[in-house]
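Take a look at the structure set out below.
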Amino acid sequence: MCHRWKLEPKPYPNSPLLPQISSLYSPDMKETAAARPAAEKNEAVAAPPARKRRASDEAAGSRSRSHKLARDSGCDGDLINNLPDAILATIVSLLPTKYGVRSQAVARRWRPLWRSAPLNLDASHDLCSNDFGRFSLVSRILCDHPGLARRFAFDRIRLHREEKRYAEEAAELERWFNSPLLDNLQELNIVFSLLEYSSGQSEKEKRYPLPPSVLRLAPTLQLARIGSCDFPKEIAPSLNFPLLRQLHLWRVSISDDVFSGVLSGCHVLENLYLSEIRDVGCLRICSPTLRIIVISCLFEGEEELVIMEAPRLERLLLRSPGSGSEIIRVVSAPKLQMLGLLSPCIS
């Protein structure tokens, strides 16, 4: 015979714990006293902290507000198209020419942006792998773009061998640099190919003369890289580069007088890069603003570089010696901190 025992709480009159004790021994209880603390512990672990819940709610609210803003502005979440035209035009102006032109196909709104943005003309091999083809493309772009150019970069400007074609293309070069499109040019990067049309000189010694119209861009230039050409034998004493901070000269023929005239017209020049300078016996540097001079394969013979006066010069970096015996003299550079790399060919 099986007996069922029923535990009844003993009443304690006037006890404030009576309701709590009675509930523990209620017949309708669904969990034991031992299991209850474990369940409460699991619930505490599973429940996220209040701070995390608040952060999650705030992030969700922020996303919701962003989506609502996108819907209200009619851009369907495309925040780029919601930017003003002026900002979009600035973005397009920073793209290489090839991709700036392609941006016109993005949408109808984008079609006028490339033409209204400052031109970033980068005639690299990405634009066209054929040298003569790139020459024609640059002429077309300068004719079609109605705005001002910010940058003009053309590596390996190459002219035809045939005399008539050569004359036509030389005249076209002059039209490029006389174009009003380049009136506010900030960056110039031009490198010519050796001339294939010769007149008694070997092809190696024959370089294209720098178009005089290039020097008219001096008032607005901030960076200039010029390579593989002959500078004019004379320049105007009034030549002025008031904004030029970086000057790179590579494989150019330039006299000491013209070089000194160019430097004297640079009032804020800080960085000067010289490489493979031709047809000069001695280069003299006088600049109150220069901080860095970088030299690489400077001369072919026993030419000399003299730093006459450079009160702010801090670094004179010699990347590699030339094929001759270079002589480098520093007369006055009181702040010079770094000099090198020296070699037996440099004295």
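Residue numbers count from 1 along this sequence. Please read all numbers here as calculations on a predicted model, not as lab measurements.
Between Asp85 and Leu113 the shortest heavy-atom distance is O-CD2, 3.9 Å. For the pair Leu148 and Pro180, the tightest heavy-atom approach, listed with the atom from each and the gap, is CD2-O, 3.4 Å. Between Ile307 and Leu316 the shortest heavy-atom distance is CD1-CD2, 3.8 Å. When every heavy atom of Leu269 is checked against every heavy atom of Ser287, the shortest pair comes out as O-OG, 4.5 Å. Nearest heavy atom pair, residue Ser139 against residue Glu172, reads OG-OE2, 2.9 Å. What you find for Ile190 and Phe192 is that their closest heavy atoms are CD1-CE1, 4.0 Å.
Arg312 places no side-chain N or O within donor-acceptor distance of the main-chain N or O of Pro334, the cut-off being under 3.5 Å. A donor-acceptor pair is defined here as one N or O able to donate and one able to accept, closer than 3.5 Å; no such pair exists between the side chain of Asn189 and the backbone of Ile226. The backbone N or O of Val258 lies less than 3.5 Å from a partner atom in the side chain of Ser255, making a donor-acceptor pair. Between the side chain of Ser93 and the backbone N or O of Leu119, no donor-acceptor pair lies under 3.5 Å. No donor-acceptor pair under 3.5 Å is formed between the side chain of Ser228 and the backbone N or O of Val191. Panel note: side chain Glu169, backbone His160; a donor-acceptor pair is recorded below 3.5 Å. The backbone N or O of Asp257 lies less than 3.5 Å from no partner atom in the side chain of Ser260, so there is not a single donor-acceptor pair. Checked by atom type and distance alone, the side chain of Asp155 never pairs as donor or acceptor with a backbone atom of Ser124 at under 3.5 Å. Using a distance-only test at 3.5 Å, with no hydrogens or angles considered, a donor-acceptor pair links the side chain of Arg134 to the main chain of Cys128.
Residues Arg329 and Ile327 form a side-chain contact, since some pair of their non-hydrogen atoms from C-beta on lies under 4.5 Å apart. By the 4.5 Å heavy-atom criterion applied to side chains, Leu317 and Met338 are counted as neighbours. No side-chain heavy atom of Gln222 sits less than 4.5 Å from a side-chain heavy atom of Arg245. Side-chain contact check for Arg207 versus Ser253: some heavy-atom pair is nearer than 4.5 Å. No side-chain heavy atom of Glu270 sits less than 4.5 Å from a side-chain heavy atom of Val268. When side chains are defined from C-beta on, Ile87 does not count as touching Thr90, because their heavy atoms never get closer than 4.5 Å. Side-chain contact between Arg216 and Leu182 is present, with at least one heavy-atom pair separated by less than 4.5 Å. Using a 4.5 Å cut-off on side-chain heavy atoms (C-beta onward), Leu88 and Trp110 make contact.
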- Query: How far apart are the C-alpha atoms of Glu163 and Arg165, what are their side-chain angles, what is the distance that settles it, and do they pass the salt bridge (charged side-chain N to carboxylate O under 4.0 Å, His left out) test?
  - Reply: CA-CA 6 Å; Glu163 186 174 0; Arg165 293 285 300 276; over 6 Å; no
- Criterion side-chain contact (heavy atoms from CB on, under 4.5 Å) on Arg115 and Gln104, from CA distance to verdict: CA-CA 9 Å; Arg115 294 178 178 272; Gln104 299 177 94; 3.9 Å; yes
- Task: May I have the step-by-step check of side-chain contact (heavy atoms from CB on, under 4.5 Å) for His267 and Asn240, ending in yes or no?
- Result: CA-CA 8 Å; His267 306 300; Asn240 193 21; 2.6 Å; yes
- Item | Candidate pair Phe154 and Val138, rule side-chain contact (heavy atoms from CB on, under 4.5 Å), full reasoning | CA-CA 9 Å; Phe154 196 155; Val138 169; 3.7 Å; yes
- Task: Step by step, work out the side-chain contact (heavy atoms from CB on, under 4.5 Å) result for Leu272 and Leu274.
- Result: CA-CA 7 Å; Leu272 176 64; Leu274 301 174; 3.9 Å; yes
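Distance CG/Leu244 to CG/Asn271: 10.0 Å, rounded to 0.5 Å. One finds the OH atom of Tyr99 at 10.5 Å from the CG atom of Leu127 (value rounded to the nearest 0.5 Å). Within the model, atoms CD1 of Ile285 and CD of Glu309 stand 12.5 Å from one another, a figure rounded to the nearest 0.5 Å. Between Leu263 atom CG and Cys286 atom SG the span is 8.5 Å, to the nearest 0.5 Å. With rounding to the nearest 0.5 angstrom, the OG1 atom of Thr97 is 9.0 Å from the NE2 atom of His145. The distance from the CG atom of Leu239 to the OG atom of Ser264 is 8.0 Å, given to the nearest 0.5 Å.
Contacts classified as ring-ring contact (aromatic ring centres under 6.0 Å, His included) and involving residues 223-260 (residues at least two apart or in different chains) are given here: His248-Tyr273.
Applying the 4.5 Å side-chain rule to ILVMFWY residues, one finds Val306, Val331 in the same cluster as Met308.
Less than 6.0 angstrom separates the ring centroid of Phe152 from the ring centroid of Phe177.
Taking the six-membered ring where tryptophan is involved, the planes of Trp176 and Phe135 are tilted, since the angle between them lies from 30° to 60°.
Leu290 is connected to Val330 through a chain of hydrophobic side-chain contacts under 4.5 Å among Ile, Leu, Val, Met, Phe, Trp and Tyr, so both are in one cluster. A single hydrophobic cluster is not seen to contain both Leu313 and Val294; linkage of ILVMFWY side chains at heavy-atom distances under 4.5 Å, directly or through other members, places them apart. Val92 and Val106 end up in the same hydrophobic cluster when Ile, Leu, Val, Met, Phe, Trp and Tyr side chains are linked at under 4.5 Å. A single hydrophobic cluster is not seen to contain both Val262 and Leu243; linkage of ILVMFWY side chains at heavy-atom distances under 4.5 Å, directly or through other members, places them apart. Residues Leu298 and Leu339 share a hydrophobic cluster, clusters being chains of Ile/Leu/Val/Met/Phe/Trp/Tyr side chains in contact below 4.5 Å.
Among Leu305, Leu283, Ile295, the single residue meeting the side chain to side chain contact (heavy atoms under 4.5 Å, CB included) criterion with Ile277 is Leu283.
For Arg140, the CZ atom sits in a loose shell: 12 or fewer heavy atoms of surrounding residues, nucleotides or ligands are nearer than 6.0 Å. Residue Arg291 qualifies as open at atom CZ: its count of foreign heavy atoms under 6.0 Å is 12 or below.
With sequence neighbours excluded, the residues satisfying salt bridge (charged side-chain N to carboxylate O under 4.0 Å, His left out) with Glu187 are Arg150, Arg151.
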